[in-house]
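Notes for the one structure printed next.
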There are 2 protein chains.
Amino acid sequence: MSQTTPRPGSPRWWQNRPPREPSAEPGPGRPAMSFDRVIRTALELIDEVGPDDFSMRLLAKRLGSSTATLYRHFKGKDEILVHVVDHLFGEIPRYLTGVSPDSTWQAKLTGSAEAMFRTLTQHPRVASLLDDQVPLGPHALAGREIALGVLLASGFPPEAAARAFTAVGHYIIGFAGQPGGHEASRQYGKQEIREFYRSLDAARFPATLAAGPYLPNSLDDEFRFGLQLIVTGLEKHLTEHH
Amino acid sequence: MSQTTPRPGSPRWWQNRPPREPSAEPGPGRPAMSFDRVIRTALELIDEVGPDDFSMRLLAKRLGSSTATLYRHFKGKDEILVHVVDHLFGEIPRYLTGVSPDSTWQAKLTGSAEAMFRTLTQHPRVASLLDDQVPLGPHALAGREIALGVLLASGFPPEAAARAFTAVGHYIIGFAGQPGGHEASRQYGKQEIREFYRSLDAARFPATLAAGPYLPNSLDDEFRFGLQLIVTGLEKHLTEHH
DNA sequence: ACCTGAACACCGTTCAAGT
DNA sequence: ACCTGAACACCGTTCAAGT
């Protein structure tokens with residue numbers, strides 16, 4: 001009786017995933033409901049209206065179909081969201097620049113982290129979905145393998161490699177989910193937050209007033225600063241445990 | 001016309017917050033709907049059923065009232081969630097241990113970060129709400145002020161202090177939102193994830209198999225490891241820019 | 001003045017009925 | 001076999017009507 005049907009996105013669920021249906025793209029005559037088209041359209045919609053207003057009805061309409069048809073291809077909304085997240089992991093390599101096989105591990109790690117960060121900030125409204133799942137889909141697995149491989153090849157013992165990967169991963173997710181992303185499409189601007197800090201009582205908030213002008217900085221710069229801290233910490237960790 | 005009514009949680013919204021109603025606790029005869037009771041009950045409910053199943057109807061029922069009454073005290077669900085988050089920031093000092101005024105800045109920063117982390121993992125289902133807002137409520141402001149004060153007093157220039165604060169904050173949020181928190185109340189266990197990694201193809205995933213046994217470790221240990229990396233990085237940053 | 005049942009316009013999901 | 005309109009049991013939010 002502990003053999004309940006696994007939740008979408010859980011390890012057991014991924015394990016029992018049937019291989020992707022053979023004809024991913026439908027026949028020439030009818031542009032029906034292919035796996036990829038559904039997931040791409042879902043990502044598109046979440047980008048447009050956000051995860052809250054994204055609905056099965058909306059997705060069905062955009063696909064020119066009905067919700068019941070959607071439910072014949074996917075178990076439910078959760079399952080679609082899980083696939084959207086993994087689809088996003090598949091996009092990361094497109095943003096990987098300036099990293100070659102003989103780069104230092106620091107450059108490789110930084111480059112991969114920035115690629116993942118850029119992918120997530122390109123789809124900021126999807127990033128918050130990462131809070132609810134440990135990404136175990138095929139694309140996520142492939143990315144994890146590459147990152148861990150870099151660390152192990154650089155001399156990190158397995159445990160340190162695992163922890164370094166986790167630390168960087170959580171750092172990225174914490175950053176990418178936060179408001180203040182790339183576009184003016186954000187809820188409220190840095191300018192507004194800065195004005196808010198400036199309006200605070202100088203007697204009660206001296207430190208906030210001093211640091212306020214720098215607080216909502218370029219998200220890219222802030223991200224790189226913290227990432228550099230982690231890499232520096234890792235360098236020291238590696239040399240100390242040779 | 002740019003003077004639209006501000007979104008709950010936004011800077012302008014916090015700025016125009018009326019002072020908390022005078023009689024927070026209701027009269028002796030009737031245990032009516034006080035601000036604090038609503039927020040505490042909401043937090044309680046989110047802990048129990050998660051943010052998705054938390055509803056205004058459920059909250060009204062638990063309060064022994066109706067949704068319409070709730071709407072007379074709060075503008076809507078968003079507003080309640082914003083207050084729940086700030087309420088949580090108010091709990092952080094309870095978890096602050098082993099830090100005294102003459103501790104090193106490293107100990108103070110680590111202690112504060114761990115207190116915030118512990119608070120959030122105590123309410124893991126609330127943590128994901130942090131993805132949608134820059135916390136600007138009174139309790140969040142007070143915490144920010146203390147943390148920035150520590151860094152400035154330790155010799156960090158304002159910009160470095162701001163960035164260090166942001167880096168640590170995002171690191172904490174990224175960690176606390178992730179599944180794998182304190183209790184068995186989690187969706188799927190570390191054991192299950194470890195078995196999943198072990199089941200992978202050795203030829204395609206050598207690094208994941210090597211690091212797999214360490215991957216879903218104690219969340220506390222993983223958190224502390226990464227935090228230590230950041231603090232080490234900050235030490236080096238501080239000495240290099242004296 | 002303060003409260004509420006019932007309504008409105010939505011959800012995710014399912015199912016009988018169509019081709 | 002594949003699809004769908006309509007239904008079911010819910011949402012957040014509002015409002016006329018009660019005390």
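Just so it is clear, the model here is predicted, and its values are computed rather than measured. Lettering of chains follows the sequences in order, A, B, ..., and the numbering in each one begins at 1.
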- Message: I need the CG-P distance between B:D53 and C:dC11, as an integer number of Å.
- Response: 18 Å
- Give the nucleotide from the list D:dT4, C:dC3, C:dT13 with an atom nearest to the side chain of B:R72. C:dC3
- Query: Got a second to check how far A:K75's NZ is from A:R7's CZ, nearest 0.5 Å?
  - Reply: 12.5 Å
- Query: Looking at CG of A:L96 and CZ of A:R94, how far apart are the two atoms once the value is rounded to the nearest 0.5 Å?
  - Reply: 13.0 Å
Can you pull every protein N or O that's under 3.5 Å from an N or O on nucleotides 6-9 of chain C?
residue	atom	partner	partner atom	Å
C:dA7	N6	B:R57	NH2	3.4

- Query: What's the CG-C1' distance between B:L59 and D:dT13, to the nearest Å?
  - Reply: 14 Å
- Message: In whole Å, I'd like the distance from the NZ atom of B:K77 to the C1' atom of D:dC11.
- Response: 8 Å
- Item | Pair A:S199-B:Q15, side-chain donor/acceptor within less than 3.5 Å | yes
- Message: Contact between A:D86 and A:P138 at the side-chain level, heavy atoms closer than 4.5 Å - yes or no?
- Response: yes
- Message: Does D:dC3 have OP1 or OP2 under 4.0 Å away from a side-chain N or O of A:T69?
- Response: no
- Task: Would you mind reading off the distance between B:Y71 atom OH and D:dC15 atom C1', rounded to a whole angstrom?
- Result: 13 Å
- Starting at atom CZ of A:F74, determine the distance to atom P of C:dG12, rounded to an integer number of angstrom. 15 Å
- Calculate, to the nearest 0.5 Å, the distance between atoms NE2 and CG belonging to B:H123 and B:L43 respectively. 5.0 Å
- Between A:R57 (side chain) and A:T67 (backbone), is there a donor-acceptor pair under 3.5 Å? no
- Message: Does a side-chain N or O of B:S66 approach OP1 or OP2 of C:dC3 to a distance below 4.0 Å, or not?
- Response: no
- Whole-Å distance, A:M56 CE to D:dG5 P, equals 16 Å
- Of all the heavy-atom pairs spanning A:P93 and A:G90, show the shortest one and how long it is. CD-O, 3.3 Å
- Please give, in whole Å, the distance from D:dG12 C1' to B:D78 CG? 10 Å
- Fit a plane to each ring of A:F223 and A:F175, take the angle between them on a 0 to 90° scale, and name the class: parallel (under 30°), tilted (30 to 60°) or perpendicular (over 60°). perpendicular
- Quick one: the dot-bracket string of DNA chain D, using Watson-Crick and G-U wobble pairs with both distances under 3.5 Å, [ ] for crossing pairs and | for bases paired to another strand. ||.|||||...|||||.||
- Interatomic distance where NZ belongs to A:K61 and C1' belongs to D:dT4 [whole Å]: 16 Å
